[in-house]
Amino acid sequence: MARHAVFSSGAKLWRSLACAKSELRLDLTLACGQTFRWRETSEGHWTGVMGGRVWTLTQTEDTLWYYVYTNHAGGKNKPEKTDSLRIDEEEAQSVPPTPDPKVEAEMLRDYFQLHVKLGDLYREWGAADCHFKEIADIFTGVRMLRQDPTECLFSFICTSNNHISRIQGMVERLCQALGTRLCQLDQTSYHDFPTLSSLADSDVEERLRDLGFGYRARFLQQSAKQILDTHGLRWLDGLRNVLYLEARDALRTLPGVGTKVADCVCLMALDKSEAVPVDTHVWQIAKRDYKFTADNRQKTLTEKVHRDIGDFFRKLWGPYAGWAHSVLFCSDLKKFQNLRGDTSLTQSKKEEEREGESKKVKIKRELDGHEKKRKPKAERRKKAKISVKTEEV
DNA sequence: CTAGTACCTGA
DNA sequence: CAGGTACTA
């Protein structure tokens with residue numbers, strides 16, 4: 001049976017890419033909640049599915065090492081159930097992985113967006129924001145992935161009212177139930193992310209409910225169906241070519257996709273580096289570390305708070321605000337607190353300040369205050385027929 | 001535009 | 001309650 005590749009016992013089977021740890025930290029980038037598809041299969045080794053292939057990644061100080069698995073699950077590599085005719089046109093998309101070092105290196109460069117010089121950005125953010133500077137030296141190399149739009153969207157529909165560990169399990173079950181099987185390594189089988197048409201099948205809601213998806217099961221199936229019925233297979237990918245706010249509004253017409261999820265997909269899959277996903281957690285960060293106070297002490301995360309916090313961070317960090325946000329987000333995750341040294345002390349000091357609730361510094365924000373009025377979701381549906389030029393391939 | 005509430009499930 | 005969204009007052 002095939003095993004997970006380990007660098008120390010077969011280094012010559014691996015390929016490499018020059019990439020400093022300051023530009024990319026696999027552990028932080030792959031486990032900070034932007035993707036739910038990678039696992040640390042042995043120390044420092046991360047295994048997952050990307051671009052229809054199974055990879056194991058590891059890194060040394062100046063090098064990113066990768067191993068691509070070629071052995072398929074032989075014969076029965078279809079999803080458990082396929083009763084859709086539309087499958088065929090999609091299968092053309094998932095290229096059978098013929099090993100090609102050039103292609104694979106390029107896939108990685110694209111996935112990790114290595115053309116973006118993270119070190120330079122860190123310096124800029126640190127110069128503009130002293131709190132960021134405190135964090136930056138420890139949480140280096142937190143990089144935005146360029147994920148597949150379909151995978152990103154449907155993964156994040158699962159995140160509502162939910163926590164990371166459970167989301168990971170759900171996404172795994174989703175792929176297992178509806179995705180093409182790629183290979184098996186040790187006891188683990190790896191599946192591709194389901195296609196839109198397999199997600200749109202009418203029995204999907206019930207199947208996913210049985211798998212513990214709760215009310216999100218309906219959202220997943222309905223969103224897939226709505227995309228195929230009213231826009232088409234390539235629509236999501238096409239949103240990479242339109243402006244941030246247009247893509248965001250388009251996504252929000254889908255069931256189960258609100259402001260937060262739309263911003264996640266914009267940032268993580270649609271090349272909108274300025275998108276800042278605001279959840280309760282980010283709101284806490286804004287209040288605690290940036291003394292951000294909404295004008296009238298909002299109780300809930302309203303549309304206005306979303307916009308104000310997003311604008312605040314964009315003004316502070318600039319056009320890559322979404323990337324900077326992910327660094328702070330990562331640094332605040334419980335599972336990474338062990339990395340903090342001295343800063344955790346200043347951190348707990350800040351906690352105390354928050355308890356005290358004594359001094360509130362109002363931050364001035366210029367509000368353009370002109371947002372288009374929104375219709376109820378059901379009505380918006382048809383209108384979202386924004387024609388989008390699909391990407392030339 | 002804000003506030004409240006239901007929605008699945010498992011800690 | 002948890003990294004929300006949809007619907008209603």
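Keep in mind the model is a prediction, meaning the values are calculated, not measured. First the proteins, then the strands, lettered A, B, ... as listed; each starts at 1. When reading the values below, keep in mind they use all heavy atoms of this one structure, side chains included, and skip hydrogens, waters and symmetry mates.
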Open item on the list: Looking at A:Arg288 and A:Asp332, is any side-chain nitrogen of the basic one under 4.0 Å from a carboxylate oxygen of the acidic one?
Closed with: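 Counted as a salt bridge, because a side-chain N and a carboxylate O are separated by less than 4.0 Å.
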Open item on the list: Is there, by distance only and without an angle test, a donor paired with an acceptor across the side chain of A:Arg218 and the base of B:dC8 below 3.5 Å?
Closed with: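 Flag unset: no donor-acceptor pair detected.
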Open item on the list: I'd like to know whether the aromatic ring centres of A:Phe219 and A:Phe213 sit less than 6.0 Å apart in this structure.
Closed with: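 No.
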Open item on the list: For a quick check under 3.5 Å, do A:Asp137 and A:Tyr122 share a side-chain donor-acceptor pair by atom type?
Closed with: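 Note: A:Asp137 and A:Tyr122 side chains miss the donor-acceptor criterion.
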Task: Interatomic distance at C1', B:dG10 relative to C:dA6, whole Å - done: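 The answer is 23 Å between these two C1' atoms.
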Task: Whole-Å P distance, B:dT2 and C:dG3 - done: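 Going atom to atom, P in each nucleotide, I get 24 Å.
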- [ ] Identify which one of A:Arg37, A:His191, A:Arg39 satisfies the side chain to side chain donor-acceptor pair (under 3.5 Å) criterion when paired with A:Glu172.
- [x] A:Arg39
Interatomic distance where [atom1] belongs to [X] and [atom2] belongs to [N] [whole Å]:
{"X": "A:Arg173", "N": "B:dC8", "atom1": "CZ", "atom2": "P", "answer": "16 Å"}
{"X": "A:His306", "N": "C:dT5", "atom1": "NE2", "atom2": "C1'", "answer": "10 Å"}
{"X": "A:Leu251", "N": "C:dG4", "atom1": "CG", "atom2": "C1'", "answer": "15 Å"}

Task: A:Arg173 atom CZ, neighbour heavy-atom count above 12 within 6.0 Å - done: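 Enclosed: over 12 neighbouring heavy atoms sit under 6.0 Å from CZ of A:Arg173.
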Task: Dot-bracket encoding of pairs in DNA chain B, which uses [ ] for pseudoknotted crossings and | for another strand, Watson-Crick or G-U under 3.5 angstrom - done: .||||||.||.
Task: Nucleotide nearest A:Tyr215 when distance is taken to its side chain, options C:dT5, B:dC7, B:dT2 - done: B:dC7
Task: Residue closer to the 5' end of DNA chain C, A:Phe219 versus A:Gln34 (nearest nucleotide) - done: A:Gln34
